[in-house]
Amino acid sequence: LNEGIPLPWQKSQQEIFVDSFLKENQLPSPGMAMKKELLLSLCPLHTGLLQYHDWQLHMLLMYRTNIFLCPSALVWYRQTPGSASKPCIGRLIRSAAETDILMDTVMQLIGHDTESFLSYFKGRENPAWPLTPATVPLHLGWIAMQSPDAEKRRWAAGTIISLISRTEKMQALHDCCGFTFNEYLHLPESLGLKSESTFENQKKRLKRQKKLWRAACIVSTVLFLVTLIWNIL
């Protein structure tokens with residue numbers, strides 16, 4: 001773990017859950033031990049998850065039971081950071097899709113339960129909106145908009161828009177939250193969503209790297225041919 005980042009066992013389970021929702025997976029893997037009955041109650045996990053499989057398992061585990069974190073490292077796992085997560089177009093596309101699945105997991109766990117919402121997210125809800133079972137998903141979307149991850153903010157804006165996309169929901173939210181039609185039109189911008197996601201930025205960077213690589217190959221080839229011709233002459 002990087003210096004200055006609070007270690008998992010220095011935070012409460014609720015804080016770990018919230019940080020896993022807003023940031024990245026907070027729990028190291030492998031290193032879990034649990035009863036078979038508990039594991040079976042968490043399964044099946046989403047079949048579309050490959051990179052974030054452990055992440056979803058951790059979220060389900062923290063929500064449904066109390067966990068114990070051992071501060072002593074028994075095994076140092078993956079000591080070369082980043083070796084298994086080099087950026088490529090395929091991985092970025094899958095990462096965006098799996099982010100949606102993970103965020104939907106929390107949405108499904110909390111549901112419309114205000115008590116469950118407050119146990120994890122009390123003090124983070126939008127103070128301008130009343131907290132009712134009907135608006136719990138709306139508050140979760142609002143909270144996710146505070147994430148430093150652009151893909152999670154994209155999910156949040158899409159979730160909020162989907163919640164107000166039907167006439168009856170739009171009217172209900174207008175009655176309880178005071179949304180205006182102009183706010184509906186500019187919702188992504190008002191929530192701070194940028195026009196380009198992390199994926200788009202990464203894709204542009206990869207394209208630039210590809211162009212630089214091609215240019216380097218061309219220059220190397222030209223230099224090789226010039227040197228070869230010079231030696232022949």
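No hydrogens, no waters, no symmetry mates; every other heavy atom, side chains included, goes into these values.
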* Quick one: which residue pairs count as a salt bridge (charged side-chain N to carboxylate O under 4.0 Å, His left out) with a foot in residues 100-109, not counting sequence neighbours? => Asp100-Arg154
* Structure fact -> Gln146 meets the side-chain contact (heavy atoms from CB on, under 4.5 Å) criterion, sequence neighbours left out, with Trp142
* Quick one: list whatever passes side-chain contact (heavy atoms from CB on, under 4.5 Å) with Ser12, sequence neighbours left out. => Gln14, Glu15
* Asked: What pairs with Thr99 under side-chain hydrogen bond (donor to acceptor under 3.5 Å, both in side chains), at least two apart in sequence or on another chain?
  -> none
* Asked: Are Asn25 and His58 linked by a side-chain donor-acceptor pair shorter than 3.5 Å?
  -> yes
* Qualifying residues under side-chain hydrogen bond (donor to acceptor under 3.5 Å, both in side chains), relative to Asp19, sequence neighbours excluded -> Lys11
Identify each donor-acceptor pair in which a side-chain atom of residues 218-231 lies under 3.5 Å from a protein atom, sequence neighbours left out, and give them as a table.
| unit_1 | atom_1 | unit_2 | atom_2 | d |
| --- | --- | --- | --- | --- |
| Ser220 | OG | Ala216 | O | 2.8 |
| Thr221 | OG1 | Cys217 | O | 2.8 |
| Thr227 | OG1 | Leu223 | O | 2.7 |
| Asn231 | ND2 | Thr227 | O | 3.2 |

* May I ask you to check whether Ser162 and Thr159 show a side-chain donor-acceptor distance below 3.5 Å? => no
* **Qualifying side-chain hydrogen bond (donor to acceptor under 3.5 Å, both in side chains) pairs, either residue in residues 113-125, two or more places apart** => Tyr63-Ser116
* To do: For Thr105, check side-chain hydrogen bond (donor to acceptor under 3.5 Å, both in side chains) against everything at least two apart and list the hits.
  => Gln56
Distance-only donor-acceptor pairs under 3.5 Å for side chains of residues 36-46, two or more places apart:
| unit_1 | atom_1 | unit_2 | atom_2 | d |
| --- | --- | --- | --- | --- |
| Ser41 | OG | Leu38 | O | 2.5 |
| His46 | ND1 | Gly48 | N | 2.8 |

* Structure fact -> Smallest heavy-atom separation, His139 atom then Leu131 atom, equals CD2-CD1, 3.7 Å
